[in-house]
Colleague: 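Encoded as structure tokens, here's the structure I'll be asking about.
These numbers come from the heavy atoms of this one structure, side chains and all, not from hydrogens, waters or symmetry mates. Protein chains get the first letters and strands the later ones, always in sequence-line order, with residue 1 at the start of each.
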Amino acid sequence: MSRSARWRQADRFDHQARLAAPFAVLGVTTEEDWLVRIDYLPLGTPVLAPQSALAREVCEQLRAYLRDPRLRFDLPVRLSGTPFQQRVWEAVAAIPSGQTRSYAAVAKALHTAPRAVGRACGANPVPLVVPCHRVVAADGLGGFLHTRSGAPVAIKRWLLEHERR
DNA sequence: CGCCAAAGATAAC
DNA sequence: GTTATCTTTGGCG
């Protein structure tokens, strides 16, 4: 186990809520009184009414964010990951809405390498709350969800457009 | 278990 | 176009 046995069984569909967004359907997963995960589901996925008070709160804030990107999330998020990843996520969460930072800038602040930052961001369990989409390549958009092109990147682009105004 | 080898959402020469 | 940099992951001894 050690470092290989972690949260591999996250593909269970026990979302506590599913909220429709313009670019995807957001699957909210909570554990006890903590938000532990947000998944991007294909458009067309049936929405699900909040199954708990916390899920309802999460949906409220997500909807508020979709309406006004300047909103700052105030949710009990439980970040599970390596110490390094938590540091990266913390740094990313400090990026103001409407702005972007390059992987190099984040890496420099954390005293590490750009590529390592990209990897840590890809492991981010709670996109939107931890705005990994605000981290872009020095020369362009960069990737998303461990890929450099495809649907995930389209989502990233949409989010940046959304915050840009 | 611990070590070696390869890859990745990059950046700089 | 190639090399540098750092973490994570998968395979093997």
Colleague: Restricting to non-hydrogen atoms, name the atom on A/Cys59 and the atom on A/Ala17 that form the minimum distance, rounded to 0.1 Å.
Modeller: SG-CB, 3.7 Å
Colleague: If you restrict it to nitrogen or oxygen atoms, what contacts under 3.5 Å exist between nucleotides 5-8 of chain B and the protein, and what is each distance?
Modeller:
{"from": "B/dG8", "atom 1": "N7", "to": "A/Arg115", "atom 2": "NH2", "distance (Å)": "3.4"}

Colleague: Residues of residues 100-111 of chain A with any non-hydrogen atom less than 4.0 angstrom from an atom of DNA chain B: list those, numerically ordered, please.
Modeller: A/Ser102, A/Tyr103, A/Ala104
Colleague: From CZ of A/Arg87 over to P of C/dT8, roughly how many Å is that when rounded to an integer?
Modeller: 12 Å
Colleague: Is it true that a side-chain atom of A/Asp68 and a backbone atom of A/Arg70 form a donor plus acceptor pair closer than 3.5 Å?
Modeller: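 Side chain of A/Asp68 to backbone of A/Arg70: a pair is present.
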Colleague: Classify the side-chain pair A/Glu57/A/Gln61 by whether it contains a donor and acceptor separated by less than 3.5 Å.
Modeller: yes
Colleague: Can you check the A/Phe84 CZ to C/dC6 P distance for me, whole Å?
Modeller: 10 Å
Colleague: Just compare C/dC6, B/dA9, B/dA11 and give me whichever is closest to any side-chain atom of A/Cys121.
Modeller: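 Side chain of A/Cys121 sits closest to B/dA9.
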Colleague: Ignoring hydrogens, what is the shortest heavy-atom contact between A/Leu66 and A/Ala21? Give both atom names and the distance.
Modeller: CD1-CB, 3.9 Å
Colleague: Pick base, sugar-phosphate or nothing for A/Gly142, based on heavy-atom distances below 4.0 Å to the nucleic acid.
Modeller: nothing
Colleague: With sugar-phosphate meaning primed atoms plus P, OP1 and OP2, does A/Leu145 contact a base, only sugar-phosphate, or nothing at under 4.0 Å between heavy atoms?
Modeller: base
Colleague: Do the ring planes of A/Tyr40 and A/Phe144 sit parallel (below 30°), tilted (30 to 60°) or perpendicular (above 60°)?
Modeller: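 It falls in the tilted class, 30° to 60°.
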Colleague: Treating A/Glu163 as the side-chain partner and A/Glu161 as the backbone partner, does any N or O pair qualify as donor plus acceptor under 3.5 Å?
Modeller: no
Colleague: For A/Leu54 and A/Gln16, run side-chain contact (heavy atoms from CB on, under 4.5 Å): C-alpha distance rounded to whole Å, both residues' side-chain angles, the deciding distance at 0.1 Å, then the answer.
Modeller: CA-CA 9 Å; A/Leu54 174 60; A/Gln16 267 67 61; over 6 Å; no
Colleague: From the options A/Val130, A/Thr82, A/Val135, A/Val117, select the one residue that forms a side chain to side chain contact (heavy atoms under 4.5 Å, CB included) with A/Val88.
Modeller: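 Exactly one candidate clears the test, A/Val117.
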Colleague: Can you give the dot-bracket line for DNA chain C, using ( ) for pairs inside the strand, [ ] for pairs that cross earlier ones, | for pairs with another strand and . for unpaired bases, where Watson-Crick and G-U count if both distances are under 3.5 Å?
Modeller: ||||.||||||||
Colleague: May I have the step-by-step check of side-chain contact (heavy atoms from CB on, under 4.5 Å) for A/Lys156 and A/Val136, ending in yes or no?
Modeller: CA-CA 10 Å; A/Lys156 182 174 183 176; A/Val136 299; 4.2 Å; yes
Colleague: May I ask you to evaluate whether A/Thr82 reaches the phosphate of C/dT8, defined as a side-chain N or O under 4.0 Å from OP1 or OP2?
Modeller: yes
Colleague: Figure out the CD/P separation between A/Gln85 and B/dA9, and round it to whole Å.
Modeller: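 To the nearest whole Å, that distance equals 14 Å.
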Colleague: Toward the 5' end of DNA chain C, which comes first, A/Ala120 or A/Pro114, by nearest nucleotide?
Modeller: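 Its nearest nucleotide lies further toward 5', so the answer is A/Pro114.
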Colleague: Decide, yes or no, whether a salt bridge links A/Glu32 with A/Arg78 under the criterion of side-chain N to carboxylate O below 4.0 Å.
Modeller: no
Colleague: Compare every heavy atom of A/Ala123 with every heavy atom of A/Trp89, then report the nearest pair and how far apart it is.
Modeller: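 In terms of heavy atoms, the two residues are closest at CZ2-O, 3.4 Å.
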